[in-house]
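Because only heavy atoms are used, hydrogens play no part in the values below, and waters and symmetry mates are left out as well, while side chains stay in. Positions are given from 1 along the sequence.
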Amino acid sequence: MSTTTSGSAAPNPRNSLDGLDLTPFTFTRRCWVELAPDSVYSLISDVSMIENWSPSASAVSYEPGGGPRVGARFSGRNRRDGREWVTYSEVVHADTGAAFAFVVGGAEKGIVRWDWHLYKQGAGSIVQQTWRLLRTDPVLGNAPEDLYALRDHMANSAEATLISLAEWIAGQRKECGSRPSGLPL
């Protein structure tokens, strides 16, 4: 992943995306799960669990001694269109039972921010996942169409992840009688 940045605010003639309004490159998806927010938080903040639900992420793990706290770093493998690569991320928000966020590429020079928010609703939780492009980078493509395609791919991936998370939780509840093993309600 490239982390090169220009020291100048002037557009770079080699990058046709300089100055592009990034406002359209975000989305939010939501689902309801039959689990309390604190328990959902335990699942999503344990980044190694994401491979259970995500169609595009695997082998995610915190650096040694890391965990769900601001400043913790983790890596993971991603896949899209037959390609695979490793990303490095940093936790930028960790509020047990309420919110978890990380920036791909690190807090200072990150490219994408993922936010998870949890809201109690009835016997479960609304799980909200937001993706936002923070800056352009040649690794993402060289034209606005590349970024729109990335956003749409990630929106589909997030939707699939949330559906899979809800199904996984329901399956764990069914398997265990009423609650996923090791998870408080």
Does one hydrophobic cluster hold both [X] and [Y], with members joined at side-chain heavy-atom distances below 4.5 Å?
X: V139; Y: W131; result: yes
X: I126; Y: W168; result: no
X: Y148; Y: V112; result: yes

Quiz prompt | side-chain contact (heavy atoms from CB on, under 4.5 Å) evaluation trace for S54 with S157 | solution = CA-CA 7 Å; S54 174; S157 181; 4.3 Å; yes

If we only count heavy atoms from C-beta on, is the [X] to [Y] side-chain gap below 4.5 Å?
X: V60; Y: S48; result: no
X: L134; Y: L22; result: no
X: V127; Y: L162; result: yes
X: R113; Y: V104; result: no

Self-check item: Point-to-point distance, once rounded to the nearest 0.5 Å, from OH of Y119 to CZ of R30
Solution: 7.5 Å

Quiz item: Roughly how far, to the nearest 0.5 Å, is CG of L147 from CG of L20?
Solution: 6.5 Å

Quiz prompt | Option from E84, R79, R77 for which side chain to side chain donor-acceptor pair (under 3.5 Å) with S58 holds | solution = R79

Self-check item: V103/I111 under side-chain contact (heavy atoms from CB on, under 4.5 Å): CA gap, chis, key distance, verdict
Solution: CA-CA 7 Å; V103 174; I111 294 176; over 6 Å; no

Practice problem: Anything under 30° is parallel, anything over 60° is perpendicular, the rest tilted; go ahead and classify W114 against F27. | Solution: perpendicular

Quiz prompt | W116-F100 aromatic ring centre distance below 6.0 Å | solution = no

Practice problem: Taking the six-membered ring for Trp and the single ring otherwise, decide whether the centroids of Y88 and F74 are under 6.0 Å apart. | Solution: no

Quiz item: Hey, is R29 close enough to E159 for a salt bridge, meaning N to O under 4.0 Å?
Solution: yes

For [X] and [Y], which heavy atoms make the closest approach, and how far apart are they?
X: P68; Y: A94; answer: O-CB, 3.6 Å
X: I169; Y: E34; answer: CG2-O, 3.8 Å
X: A99; Y: H117; answer: CB-CD2, 3.6 Å
X: N78; Y: A57; answer: OD1-CB, 3.9 Å

Exercise. Take D146 and L140 through the test side-chain contact (heavy atoms from CB on, under 4.5 Å) and record every step on the way to the result.
Key: CA-CA 7 Å; D146 297 330; L140 303 176; over 6 Å; no

Exercise. Begin with the C-alpha distance, continue with both residues' side-chain angles, and end with the deciding distance and a verdict on side-chain contact (heavy atoms from CB on, under 4.5 Å) for M49 and L43.
Key: CA-CA 7 Å; M49 294 292 290; L43 291 172; 3.9 Å; yes

